[in-house]
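These notes are about the structure you will find just below.
We name chains A, B, ... by the order of the sequence lines, and we start the count at 1 in each one. This structure is a prediction, so every number in the text was calculated from the model and none was measured.
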Number of protein chains: 2
Amino acid sequence: MAVVTIKDIAKAAGVSPSTVSRVVSNHPRISKETSRKVKRIMEEMGYHPNVMAKSLVSKTTQTLAILLPRPAEELFKDFFFGELMRGILAHSTRAGYDMMLAAATSPQDEDDTISRLVFGRRVDGIILLSSRVDDPLIERLDKHKFPTVLIGRSEGQPHILSVDNDNVKAAYDATHHLIIQGHERIGFVSGLPNLTVSLDRMEGYRKAMNEAGLSVRPEWIVEGEFLQHSGYRAMSFMMSLPEKPSGLVVIDDVVGFGVLHGLTELGYTVPEDISLVSFNNIALSELATPPISSIDIGTYQLGYTASQMLIRRIQAETIHQNRVIIPHRLIVRDSSVHSISKRNS
Amino acid sequence: MAVVTIKDIAKAAGVSPSTVSRVVSNHPRISKETSRKVKRIMEEMGYHPNVMAKSLVSKTTQTLAILLPRPAEELFKDFFFGELMRGILAHSTRAGYDMMLAAATSPQDEDDTISRLVFGRRVDGIILLSSRVDDPLIERLDKHKFPTVLIGRSEGQPHILSVDNDNVKAAYDATHHLIIQGHERIGFVSGLPNLTVSLDRMEGYRKAMNEAGLSVRPEWIVEGEFLQHSGYRAMSFMMSLPEKPSGLVVIDDVVGFGVLHGLTELGYTVPEDISLVSFNNIALSELATPPISSIDIGTYQLGYTASQMLIRRIQAETIHQNRVIIPHRLIVRDSSVHSISKRNS
DNA sequence: CTGAAAGCGCTTACAG
DNA sequence: CTGAAAGCGCTTACAG
């Protein structure tokens, strides 16, 4: 590729590089005539401004980064992630920002990545996915006042920008839904215990159970990862108990798929034997057999809003709320309700 | 954030900026002592090299871009994409490259994005997803000899680097599998006709049908998008025909989910009434009811290999094959086989 | 309305 | 082993 610089254009147009630069940035005090001529020459010679050089002087990169949580490998297996990306990209593209995807394989690696991207001034802001309890990273970014938006929540840094759901309430609603269907033995298939989302949903589950005066057996609570695999395992464990739950709240639809598959395989019927509600409402939940009841957490909105807040912050606009809660709603499907007429049974 | 530059370090260490630069890049002819001292001071002052400045002089960015096909919005709805990204990121991260995600909303926008990223020298190479027939973009990149890898194939530029499946053979295999199960009326639910993957799979389908002496009715071929929605629509159309197919080859698992759901809803049984094979083998395919037979196209490998080829190309290493074909294999599940004992029927 | 000059933060022959 | 100088491609006060 031939590299055409601003100097080449200047020479060809018989003006100074300063003038070319002003034409490129549509500076107001440039004569129409000069502007037209320079633009024509840029076109002819195939000029494209060097983004790096521009960044260096403007000290801005027009780029954001999404930092994938450590086990990025796993993350992508959860389909929830794609929807989140859609939301983030929709807004950032519109606002003229490029998006960088940074995967970190180890904590050490994560530190290096942050150093490179953030302190190396490669990006203007960063979106953090999946908040862990006591995440040192959040503290580090916060201390340096680097524009950051967290999807989730952080206990240590209450003033950090964040977008989240009310996960306590969401889990409460899911559990309550099973309770009013008459279930008394309700289990909870959770995610990794170091994720705030796991803690919050657990809390909502317990709260609903307590309020209803139902007891929570420790063996009805199983932790795992966000993989169908985990759902399968959790299910086989619970179904081996002398006193089995009759309803399950499951941390994620993919895990829910695993649970459902396992139950079917063991000959149980959903919802007759076991009722099921999970979270995230991924596109395939409604296509499961039976369709899975799920808490829609507004995944796309979550991403869109995160991008919006981050860009506002970068552009030093006033931000009215440091913490935005995206509303959730329970989508009731056949996996949790007997009374809905089964179409093919 | 306080900005510490190489000059600050130089001053504090009592050496020249050149020396600091050499320490940073582990230049061999720097005394152990100087190196140690400078490193200590960098640590103390919190020095991080400015990536933009480095790029400007080195003319390399250590960054790749993935250009999302135009309707990126849709793409993310297909779960296949996440797996592809996993593969791409796994390798690129390992090789020390950052990844940029570029979404283009319109053709115009796509051009601007390319100009900015490629000609603005913001990235060192680019991975193109989803090859369309006669894609002008491929030609443009190829003409400028910009390091590019295409996931898919391009008729116009046979020498461009590409990673692909043998989609003709894959569809042949899928169709043949139905044929040896005794099906004679087999339909094909395709994707958008401007994608090479749609064309190739269609060809394989026709080929298998022809070889077996089976006729292909035009109404048994339906085109749509890669969404469950499309599967649903295709299915209702075909099931309204006087002569319905008894087997279906479906371009994508997500579409397959839609087909399956629709069939179940209409009271058909799979595979007894209709047998089904689709492509991509996404994680949830095996959890469908019944589990969906699918051609595993090695999605992760596809991404991994693309990244590998691109980085080799950038680093000017010898590339033995311009075009790499990732092998596929048919995963037979209950959706296409009567004889497998149904666990719960 | 336009140009000359300085500078963004780094690297790298060229000398020594 | 180390430094001074030039330069990567751009922008932006400062003059005029």
Starting at [atom1] of [X] and ending at [atom2] of [N], how long is that distance when rounded to a whole Å?
X	N	atom1	atom2	answer
A:Tyr47	D:dG9	OH	C1'	7 Å
A:Arg22	D:dT11	CZ	P	10 Å
A:Met42	D:dC10	CE	C1'	14 Å
A:Asn26	C:dT2	CG	P	14 Å
B:Glu33	D:dT2	CD	P	8 Å
A:Asp8	D:dC10	CG	C1'	13 Å
A:Met52	C:dC8	CE	C1'	14 Å
A:Lys7	C:dA4	NZ	P	13 Å

Less than 4.0 angstrom between a side-chain N/O of [X] and OP1 or OP2 of [N], yes or no?
X	N	answer
A:Ser16	C:dG3	yes
A:Thr5	D:dC8	no
A:Lys59	D:dT11	no
B:Ser21	C:dT11	yes

Describe, in one word, how the ring planes of A:Phe119 and A:His144 are oriented to each other, choosing from parallel (under 30°), tilted (30 to 60°) and perpendicular (over 60°).
-> perpendicular

Base, sugar-phosphate or nothing for [X]? Non-hydrogen atoms, less than 4.0 Å.
X	value
B:Thr34	sugar-phosphate
A:Val24	nothing
B:Thr19	sugar-phosphate
A:Ser31	sugar-phosphate
B:Ile30	sugar-phosphate

Tell me if a side-chain donor or acceptor on [X] pairs with a main-chain N or O of [Y] at a distance below 3.5 Å.
X	Y	answer
B:Ser58	B:Lys54	yes
A:Asp124	A:Thr60	no
A:Ser115	A:Asp111	yes
B:Ser35	B:Ser31	no

Among A:Ile311, A:Asp98, A:Ile126, A:Val123, which one satisfies side-chain contact (heavy atoms from CB on, under 4.5 Å) with A:Leu64?
-> A:Ile311

Using Watson-Crick or G-U wobble geometry with both distances below 3.5 Å, tell me the partner of D:dA13, or none.
-> none

Would you mind pulling out the nucleotide paired to C:dA4, Watson-Crick or G-U wobble, both distances under 3.5 Å?
-> none

Quick note, B:Val57 side chain, CB onward, closest among C:dG3, C:dT2, C:dT11 is C:dT11

Quick one: on DNA chain C, does B:His48 or A:Ser18 contact a more 5' nucleotide (nearest heavy atom)?
-> A:Ser18

Assign each of B:Ser35 and B:Leu56 the nucleotide of DNA chain D bearing its closest heavy atom; nearer the 5' end lies the nucleotide of B:Ser35

Provide the distance between the two C1' atoms, one in D:dG16 and one in D:dT12, to the nearest whole Å.
-> 16 Å

